[in-house]
Peer 1: 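Pasting a structure below so you can have a look.
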Amino acid sequence: VPVKIIPLGGLGEVGKNTTLYECQGDMILVDCGIVFPDSDMYGIDLVIPDFSYVVENKEHIKGVLITHGHEDHIGALPYLLKKVDLPIYATRLTIGLIKNKLEEHGLLRSTKLIEITPKRKIRLGCFTVEPIHVNHSIPDAVGFAIECPAGVILQTGDFKVDYTPISGGPTDLVTIGEYGKKGVLALLSDSTNSERPGFTSTELKVGQSFATLFQRAQKKRIIIATFASNVYRIQQIIDLAVAAGRKVAVSGRSMVNNTQMALELGYLHAPEGVLIDIEEINQYPPEKIVLVTTGSQGEPLSALARIANGEHRTIQMDEGDTVIVSATPVPGNEKAVTRVINSLAKIGADVYDKNRARVHVSGHAGAEELKLVLSIVQPKAFMPVHGEATHLRAHARLAEATGVPTDNVFICENGESLELTSQGVVRGETVQSGIVFVDGLSVGDTSQGVLDERNALGSQGFAAIAAAVSPKGKNVVGNVQIEMHGITGGDDDFLVREAQGTVKNALGRAMGKGGGQKEWKKAGRDALLSLLWERTKTRPMVIVNLLEV
């Protein structure tokens, strides 16, 4: 009996993690994530997977299994649930994070959320799934052992092997090893840090660095930016604040919502009176305050960015304040993070990021941890997931080094499928996949053509031609009006006058040859583009408006 593995996201990229499994007509989804837009995707808020294949097969899908609560694993759930009504299976904290997200989209009441726990198996059609506890940078992270008539598939989710975690115990290598002894048909494993040698550091290292920085801050305020979902980090901050006699305030909508939810569920613990409202911070001297905020990725509208720009309604940065950026920039966000750090430095803040102190450790396994899991599992087939192309290839080499036959190591792309049986693995059919842009309230309506136009506007500028024309007289009536924006020399009167004359002549010649507005507009556009290329070496977007009189 074959089982198909169909990745719809997460391959060749860090984000958008979504994998579909199909066996005997039953299907399950593992994760449903987003990826943040590249810098050239002007105006785009989020990028989600193309769910066309999921929607086509909605009657066969038994549920969505979530490994943990990060955006690249849960962020696309609202957009999927608007098209397909599916039950969601996740651990307790992950459900709390999903609830906050679904509430924003008005989907909470209509969605069935089922809490799962490690070692307690779930039956979904012909699939039996066992959640397996793993360490990550967020509590309640799990991998999945997926049993079906074809055999067992292990999907690790995002993980590392931390022998001294903040809470929850180390990654459950015992259960992973038991499945390895029974025989694993295929392993899908996190590739993010496959190029990094050795082991990923423990979270305790961050706590030690924070303690040093708290002592160094002395009489100054401490501001810490981190991911809103990093409950471990927030707990470390609260513990250090209590020891230093400081109050803790949180800023940023997602940070406030997630902190409140984690307190209610018991994942965060704070003595009475330690947590204060952001509006109260000015009632205390600087040495009594720790502010935990969003903005570790340099997001322009985040609390930290507004503080750096002097635009926050409550918080005014003072010279000497200690700022800790406790995160690694997501690929593509490096410039934005550097911009915020420089703005803070200009004010006089003492800024610490991962380059100055051990203020963040990765939640992903290094090469030695990946080899450890590969050696324990000894899968018949291996598919590296969750990573860019270089990460996937590096992980594939680790698999081969630990004994997985080269022919059974599959580096796939989104939409490609693997078909597995107890006899072997073959590549299957490719299904529709890709990316869908979320642009404000629009989902999937923004085309690549629209993005190309935005890129042209952003990089080359904009010019508009307006003219009155007489089809009967076959001539231009009066002067041609030209406006140029974002064009070098666009405000030069000589260039504008030259452009007006050039375009008027071109329009006159085109009208003399006959044709209609389409041909006349093209002639005017080509004439202006040719002149601007000659004078400025730019090719702006040109709009032509002709009024027939």
Side-chain angles (χ1 to χ4, degrees), residues 1-7 19-24 26-31 62-63 65-67 89 91 116-136 141-161 163 168-191 365 368-386 395-396 398-410 412 417-426 428:
V1 179
V3 58
K4 286 184 179 179
I5 305 174
I6 308 170
T19 308
L20 184 69
Y21 292 86
E22 179 181 356
C23 185
Q24 289 186 325
D26 294 332
M27 295 182 177
I28 57 173
L29 270 175
V30 173
D31 288 330
K62 304 301 179 184
L65 296 152
I66 302 296
T67 57
Y89 296 82
T91 53
I116 61 176
T117 56
K119 297 188 176 182
R120 185 175 297 175
K121 295 184 178 182
I122 318 146
R123 183 78 178 181
L124 297 171
C126 70
F127 296 98
T128 301
V129 183
E130 180 178 355
I132 301 172
H133 168 72
V134 297
N135 302 132
H136 190 40
V142 293
F144 293 117
I146 302 169
E147 298 181 63
C148 63
V152 176
I153 300 166
L154 280 179
Q155 183 162 348
T156 64
D158 293 5
F159 83 101
K160 66 178 180 180
V161 180
Y163 297 109
T171 290
D172 188 358
L173 296 175
V174 173
T175 299
I176 293 172
E178 288 172 353
Y179 276 104
K181 289 178 183 178
K182 296 174 186 176
V184 172
L185 194 59
L187 172 67
L188 282 67
S189 184
D190 173 13
S191 305
E368 292 304 315
E369 294 154 274
L370 297 176
K371 287 196 291 185
L372 173 63
V373 170
L374 281 159
S375 299
I376 292 172
V377 175
Q378 284 294 300
K380 293 180 180 178
F382 175 69
M383 180 196 290
V385 295
H386 197 294
H395 204 172
L398 295 178
E400 292 166 5
T402 56
V404 181
T406 302
D407 291 343
N408 284 356
V409 176
F410 296 89
C412 297
S417 65
L418 289 185
E419 192 167 301
L420 302 87
T421 67
S422 56
Q423 280 73 45
V425 185
V426 295

Peer 1: Are V1 and Q24 close enough that some pair of their side-chain heavy atoms sits under 4.5 Å apart?
Peer 2: yes
Peer 1: Find out whether I5 and L188 are in side-chain contact, i.e. whether some heavy atom of one side chain is under 4.5 Å from a heavy atom of the other.
Peer 2: yes
Peer 1: To the nearest 0.5 Å, tell me how far E22 CD sits from M27 CE.
Peer 2: 3.5 Å
Peer 1: Pick from I66, L65, T19, I28: which one makes a side chain to side chain contact (heavy atoms under 4.5 Å, CB included) with F144?
Peer 2: L65
Peer 1: Salt bridge between E130 and R120, side-chain N to carboxylate O under 4.0 Å?
Peer 2: no
Peer 1: Please say which of N408, L187, V184 ends up in a side chain to side chain contact (heavy atoms under 4.5 Å, CB included) with F382.
Peer 2: L187
Peer 1: Decide yes or no on side-chain contact (heavy atoms from CB on, under 4.5 Å) for T175 and K119, but give the supporting numbers first.
Peer 2: CA-CA 8 Å; T175 299; K119 297 188 176 182; 3.8 Å; yes
Peer 1: Nearest heavy-atom pair of K160 and A365: which atoms, and what distance?
Peer 2: CB-N, 3.8 Å
Peer 1: Would you name the heavy atoms of Y89 and K62 that are closest together and state the gap between them?
Peer 2: CE1-O, 4.2 Å
Peer 1: Kindly compute the distance separating SG (C23) from NZ (K4), expressed to the nearest 0.5 Å.
Peer 2: 11.0 Å
Peer 1: Please report the shortest heavy-atom distance between H136 and A141, naming the atom on each side.
Peer 2: CB-CB, 3.8 Å
Peer 1: Hey, are the side chains of I132 and V142 touching, using non-hydrogen atoms and a 4.5 Å cut-off?
Peer 2: no
Peer 1: Within the side chain of T402, is there an N or O that forms a donor-acceptor pair under 3.5 Å with the backbone of L398?
Peer 2: yes
Peer 1: Looking at D158, is its backbone amide N or carbonyl O close enough to the side chain of H386 to form a donor-acceptor pair, meaning the two atoms are under 3.5 Å apart?
Peer 2: no
Peer 1: Take L370 and H395 through the test side-chain contact (heavy atoms from CB on, under 4.5 Å) and record every step on the way to the result.
Peer 2: CA-CA 8 Å; L370 297 176; H395 204 172; 3.8 Å; yes
Peer 1: Heavy-atom distance under 4.5 Å between the side chains of V3 and I153, does that happen here?
Peer 2: yes
Peer 1: Determine whether P149 and C126 make a side-chain contact, defined as any pair of heavy atoms from C-beta on separated by less than 4.5 Å.
Peer 2: yes
Peer 1: Please find the pair of heavy atoms, one from K121 and one from Y179, that lie closest to each other, and give the distance.
Peer 2: CE-OH, 3.8 Å
Peer 1: Does a side-chain heavy-atom distance below 4.5 Å link L372 with L173?
Peer 2: yes
Peer 1: If you measure from the Lys or Arg side-chain nitrogens to the Asp or Glu carboxylate oxygens, is any gap between E178 and K181 under 4.0 Å?
Peer 2: no
Peer 1: For N135, is there any backbone N or O sitting under 3.5 Å from a side-chain donor or acceptor partner on T171?
Peer 2: yes
Peer 1: May I have the step-by-step check of side-chain contact (heavy atoms from CB on, under 4.5 Å) for S189 and F159, ending in yes or no?
Peer 2: CA-CA 9 Å; S189 184; F159 83 101; 3.7 Å; yes
Peer 1: Test your reading of the model: is there a side-chain donor-acceptor pair from S417 to the backbone of I6, 3.5 Å cut-off?
Peer 2: no
Peer 1: Atom OG1 in T67, atom CG in D31: separation rounded to 0.5 Å?
Peer 2: 3.5 Å
Peer 1: Please examine the side chains of I146 and V152, heavy atoms only from C-beta on, and report whether any two atoms are closer than 4.5 Å.
Peer 2: no
Peer 1: Given side chains that start at C-beta, do those of P379 and V404 come closer than 4.5 Å, heavy atoms only?
Peer 2: yes
Peer 1: Which pair of heavy atoms, one from P131 and one from I116, lies closest together, and at what distance?
Peer 2: CG-CD1, 3.9 Å
Peer 1: Can you give me the closest heavy-atom contact between D190 and G157, atom names plus distance?
Peer 2: CB-O, 3.4 Å
Peer 1: I would like to know whether L420 and F410 meet side-chain contact (heavy atoms from CB on, under 4.5 Å); could you show each step before the answer?
Peer 2: CA-CA 12 Å; L420 302 87; F410 296 89; over 6 Å; no
